[in-house]
Amino acid sequence: MSLRVYSTLSRQKEEFQTVVPGQVGMYLCGPTVYKPAHIGHMVGPVIFDTVKRYLTYSGYKVKFVINITDVDDKLIVKAAEKGTTVNALAREMTQDYFDNLKTMGVDTVDLFPYATEHIPEMLSMIQTLIDKGYAYPLEGDVYFDVSKDEDYGALSHRNVADMMAGTRVEASDRKRSPADFALWKRSKPNEPAWDSPWGQGRPGWHIECSAMSLKHIGATLDIHGGGLDLMFPHHENELAQSESCTGHKFTRYWLHNGLMQSSKTAGKIGGQHDRHGDSPADALAEKEAQEAGKLAGSKGAASVKDLFLKHAPETVRFFLLATHYRSPIDFNDENIAETGKSLEGFYRLFELFQRITTRDYFTLAVPQLRSGTTELSGDPAVFFTELTALRNRFLDAMDDDFNTGGAIGVLFEMRKAINGLVAAEKLETAKGSPAGMAAFVTAMTLFRELSSLLGIFNAPPPKKTGADDQFAGELMSLILELRAEARTTKNWSMSDKIRDRLKALKVIVEDRPESVTWRRDV
RNA sequence: GGCGCUGUAGCCAAGUGGCUAAGGCAGCGGAUUGCAAAUCCGCCAUCAUCGGUUCGACUCCGAUCAGCGCCUCCA
């Protein structure tokens, strides 16, 4: 099967064909760096990091760009609140963002362009739009004239008249139409400002993405990603500006990811949402409830760094990818904790591999390209037949609009199949055959090849608290040695007492055919 | 009001015009174990409701109910 992707513009899955064969230009709308990132900010990067991994594996050369918005109203307000400068705040929060990306395993981004470093490109674009009659300067601002763009609204499937009907936009007397949006805003005193043909000012929100994507990728992007909330007005406006400016199709495939939701608060205020009918007080309460249930708007949304105090980053990444990227994700501690539990079985498998083969799973050399995928042949033949089928299902799922949830399901099945092999071939005892061992290694190599496409299981899981302490390790050796003596004399009550008491201390002891292992379970 | 999305087992979740509707977590039964743990095997869903199209629908269409998003410079 070849790759198909769902594009918001056409509202259907399309055959994936790039502008330049074999190459992909991918642009993702990044953060406005005015506050610490929360989990919602990580969704897009994790998803598109995974997309890049898969495209690269499929043989494409991918350029992946995420912009950093470092000038914006919110930044200005926040910097003033904190008594710092816009620049200093932006730098601090950008670093926070980068730290979080790294922790989440997002390491395939090629470039993070900054808005403030692309002012000349934006000015040039704005000038072109004015020259072509798509934009008009007004008292130091410059607006895009929506009425000049016949396709306006195509992406979000709405038209200007309908939108106006429902909004309480006070018709700004200054703009020709309330729907017109700012390309350039004149600055007030003490605000960041740049010289322009229209006076001192700063860029509007949307123009930076148009200018930076044009400069760093080209007039036509293969993939433009972002959260569903950005579809309108941000992406609609980008689209309008860019196509009006360059005359080329702006983006081949629009990929929008679903948003994080918190079930803790969402839905508590029931009833039909009617923004016109409610009393002001009700409307306010309703809005607050909605804001709280919506991570992005919630002032109280935990920062990513706080989240990592409770959950391992790999668990969070796995959790995000277990649901299709276009679906909303219900984010709460219980759901993530459950994901954490379901990962334990994989960690057991990696330990098993180490124990049996004495090889380090995480340094297994794996194929980097689909064309060079792990060869699956040998004994037992039925096992290899099963592996082949599983691999095909995994890749088919990924080919179908990056269905990571389906692919993850295949990983669980692969885990079961491999554990089954180990049991059937008695690999954990001295009776294991060379062919069985070889099959085990091959299967784990394939597992690593596929799981790495999701950016997971690339490194050993973090040790549980206390388990990496050398002193604790030595004590455990001593205890287990004494327990082993008790067991040789069949002193089961002593043996069991030790194990039970350790269990109360969150130390799990496992007696295996030829060894005893322990681990922390916190 | 306008434009959209979602509703699959106790919970999370993939998917399909017809063959057994993935997988995980929890639960139950069994194998294994001195007993456990881990692992394996087995069990656990008339796919929100009603109607229509069809030889046949959970899948397509319509209505209803419920939840949610955007229209307000949130990823």
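The sequence lines fix the lettering, A, B, ..., with proteins before strands; numbering per chain opens at 1.
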Check every strand shown and say whether A/G30 touches a base, only sugar-phosphate, or nothing at a heavy-atom separation below 4.0 Å. sugar-phosphate
What's the CG-C1' distance between A/N237 and B/rC71, to the nearest Å? 12 Å
What do you reckon, is CD of A/E150 surrounded by more than 12 foreign heavy atoms closer than 6.0 Å? no
Counting only heavy atoms not in A/M494, do more than 12 fall under 6.0 Å of its CE? no
Residue A/I508, side-chain atoms from C-beta onward, closest of B/rC68, B/rA37, B/rC74: B/rA37
A/E485: which residues meet the side-chain contact (heavy atoms from CB on, under 4.5 Å) condition with it, sequence neighbours left out? none
In whole Å, I'd like the distance from the CG atom of A/D511 to the P atom of B/rA36. 12 Å
Just wondering, do A/N100 and A/M42 contact through their side chains at under 4.5 Å, heavy atoms? yes
Among B/rC74, B/rG34, B/rU16, the nucleotide that comes nearest once only the side chain of A/S495 is considered: B/rG34
Determine whether a donor-acceptor pair (one donor, one acceptor, N or O, separation below 3.5 Å) exists between the side chain of A/R348 and the base of B/rA38. no
B/rA9: pairing nucleotide in any strand, Watson-Crick or G-U under 3.5 angstrom: none
Show each protein N/O and nucleotides 21-24 of chain B N/O combination with a separation under 3.5 Å, one pair to a line.
{"unit_1": "B/rA22", "atom_1": "O2'", "unit_2": "A/R393", "atom_2": "NH2", "d": "2.9"}
{"unit_1": "B/rA22", "atom_1": "O2'", "unit_2": "A/E413", "atom_2": "OE2", "d": "2.9"}
{"unit_1": "B/rG24", "atom_1": "N2", "unit_2": "A/E338", "atom_2": "OE2", "d": "2.4"}

Which is true for A/N403 with a 4.0 Å heavy-atom rule: it touches a base, it touches only sugar-phosphate, or it touches nothing? sugar-phosphate
Would you say A/T32 reaches B/rA75's phosphate, i.e. side-chain N/O to OP1/OP2 under 4.0 Å? yes
When both distances are under 3.5 Å in a Watson-Crick or G-U wobble arrangement, the nucleotide paired with B/rG62 is B/rC50
For A/L230, answer base if it contacts any base atom (sugar-phosphate contacts may also be present), sugar-phosphate if it contacts only those atoms, and nothing otherwise; contact means non-hydrogen atoms under 4.0 Å. sugar-phosphate
Give the rounded distance in Å between these two atoms: CG of A/D72 and P of B/rC74. 8 Å
Taking B/rC12 as the reference, what is the distance to B/rC50 when you measure between their C1' atoms (whole Å, please)? 29 Å
May I ask you to say what A/D73 touches in the nucleic acid, namely base, sugar-phosphate or nothing, with a heavy-atom cut-off under 4.0 Å? base
Taking atom NZ as the centre, does A/K305 end up with more than 12 heavy-atom neighbours from other residues, nucleotides or ligands that are less than 6.0 angstrom away? yes
Selected nucleotide, minimal atom distance to A/F232 side chain, candidates B/rA38, B/rA75, B/rC70: B/rC70
Does any donor-acceptor pair link the side chain of A/D496 with the base of B/rG34 at a separation under 3.5 Å? yes
A/F64 six-ring face occupied by A/K52 cation (under 6.0 Å, within 45°): no
Roughly, in whole Å, what's the span from CE in A/M398 to C1' in B/rG15? 16 Å
Applying the 3.5 Å cut-off to both distances, the Watson-Crick or G-U partner of B/rG69 turns out to be B/rC3
Whole-Å distance separating the CD1 atom of A/I329 from the C1' atom of B/rU6: 14 Å
Whole-Å distance between B/rC5 P and A/H256 NE2? 14 Å
Reckon A/K74 touches a base, only the sugar-phosphate, or nothing at all at heavy-atom distances under 4.0 Å? sugar-phosphate
At a heavy-atom distance below 4.0 Å, what parts of residues 317-328 of chain A sit against RNA chain B? A/A322, A/T323, A/H324
Check whether any side-chain heavy atom of A/M93 lies under 4.5 Å from a side-chain heavy atom of A/L75, and answer yes or no. no
Do the ring centers of A/Y6 and A/Y253 come within less than 6.0 Å of each other? no
Using Watson-Crick or G-U wobble geometry with both distances below 3.5 Å, tell me the partner of B/rC55, or none. B/rG18
Whole-Å distance separating the CD atom of A/E510 from the P atom of B/rC35: 17 Å
Minimal non-hydrogen separation, A/P203 against A/V71, with atom names: CG-CG1, 4.2 Å
Aromatic ring pairing A/F350/A/F457, orientation class (parallel under 30°, perpendicular over 60°, tilted between): perpendicular
Using whole Å, report how far OH of A/Y347 lies from P of B/rU39. 14 Å
Within the supplied structure, the quantity of interest is the number of heavy atoms (other residues, nucleotides, ligands) at a distance under 6.0 Å from A/R501 CZ; does it exceed 12? no
From C-beta outward on A/H41, which listed nucleotide comes closest to its side chain: B/rC12, B/rA75, B/rA26? B/rA75
Mind checking who B/rU39 pairs with, Watson-Crick or G-U wobble, both distances under 3.5 Å? B/rA31
